[in-house]
Amino acid sequence: ALYAALLQTENTARRAQNDTGSDQISVVYESTDPLLWRKEGDFAIIEGVITSTRSFKRVGLLNFGDDWKRDFTAALKKSIKSDFEQKFGTLDTLSGRRVRVRGFLDLYNGPSMRIDHAAQMEFLTE
């Protein structure tokens, strides 16, 4: 419920921002933005196209580029796999989808973000 309320607040702010032309609400980065390398620890909203996915024992990876050691990656905790798949489908169906993810940036083989809740991601219209 908390994540849904935060998403609703963010969307309301985004609509207000669009109505006023103000850029004071939030900064949205493209997944290819080199600035992400300098934003470790910051909360960010990232938009991009998932180019590939990988599933391991403890984590699922959503890659936003061809070089997973340099490009942005969202790491999905396995503990939320069922909730995530209920909302978005299995990982192998996500390649090519444009999404928005939100959370704290980390630097681990390139800029990355841990996804702890399905509400941290949303599909964008192509």
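- Side-chain contact, S55 with K81: no donor N or O sits under 3.5 Å from an acceptor N or O.
- Checked options R100, K87, R97; the residue passing with E122 is R100 (criterion: salt bridge (charged side-chain N to carboxylate O under 4.0 Å, His left out)).
- Taking CG from D71 and OG1 from T51, the interatomic distance works out to 7.0 Å, rounded to the nearest 0.5 Å.
- Applying the ring pair (Phe, Tyr, Trp, His ring centres under 6.0 Å) definition to pairs two or more places apart or across chains, those involving residues 43-62 are F43-F104.
- In this structure, E85 contributes its side chain and S82 its backbone to no donor-acceptor pair below 3.5 Å.
- Counting only heavy atoms from C-beta outward, the side chains of W68 and N109 approach each other to under 4.5 Å.
- Closest of all the heavy-atom pairs between G60 and L91 is CA-CD1, 3.7 Å.
- Atoms CD1 and CG, from I50 and L61 in turn, are 11.5 Å apart once rounded to the nearest 0.5 Å.
- In plain terms, the two heavy atoms of V59 and A75 that are nearest each other are CG2-CB, 3.8 Å.
- Closest non-hydrogen pair, S31 versus I46, comes out as CA-CG2, 3.7 Å.
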- Task: Give the intermediate values and the outcome of side-chain contact (heavy atoms from CB on, under 4.5 Å) for residues T53 and T93.
- Result: CA-CA 9 Å; T53 62; T93 65; over 6 Å; no

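- E40 places no side-chain N or O within donor-acceptor distance of the main-chain N or O of D106, the cut-off being under 3.5 Å.
- Atoms CZ and OG, from F64 and S52 in turn, are 10.0 Å apart once rounded to the nearest 0.5 Å.
- Heavy atoms only, all atoms of each residue included: L62 and M121 are closest at CD1-SD, 3.8 Å.
- K69 and W37 get closest at one heavy-atom pair: O-CH2, 4.2 Å.
- Under a hydrophobic-cluster definition in which Ile, Leu, Val, Met, Phe, Trp and Tyr are linked whenever side-chain heavy atoms come within less than 4.5 Å, directly or via other members, I80 and V101 are assigned to the same cluster.
- Linking Ile, Leu, Val, Met, Phe, Trp and Tyr whenever their side-chain heavy atoms come within less than 4.5 Å puts F88 and V99 in one cluster.
- For the pair K77 and R114, the minimum side-chain heavy-atom distance is below 4.5 Å.
- No single ILVMFWY cluster, assembled from side-chain heavy atoms under 4.5 Å apart, contains both Y108 and F72.
- Around the CG atom of D67, the shell of radius 6.0 Å holds more than 12 heavy atoms that belong to other residues, nucleotides or ligands.
- L36 and P111 get closest at one heavy-atom pair: CB-CB, 3.8 Å.
- Figure legend: cation-pi geometry between R98 and F123 absent, as NZ or CZ is not positioned both under 6.0 Å from the six-membered ring centre and within 45° of its axis.
- A donor-acceptor contact shorter than 3.5 Å is absent between the side chain of D33 and the backbone of Y29.
- Side-chain atoms of N63 and T73 include a donor-acceptor pair closer than 3.5 Å.
- In this structure, the separation between CD1 on I45 and CE on M113 is 8.5 Å, given to the nearest 0.5 Å.
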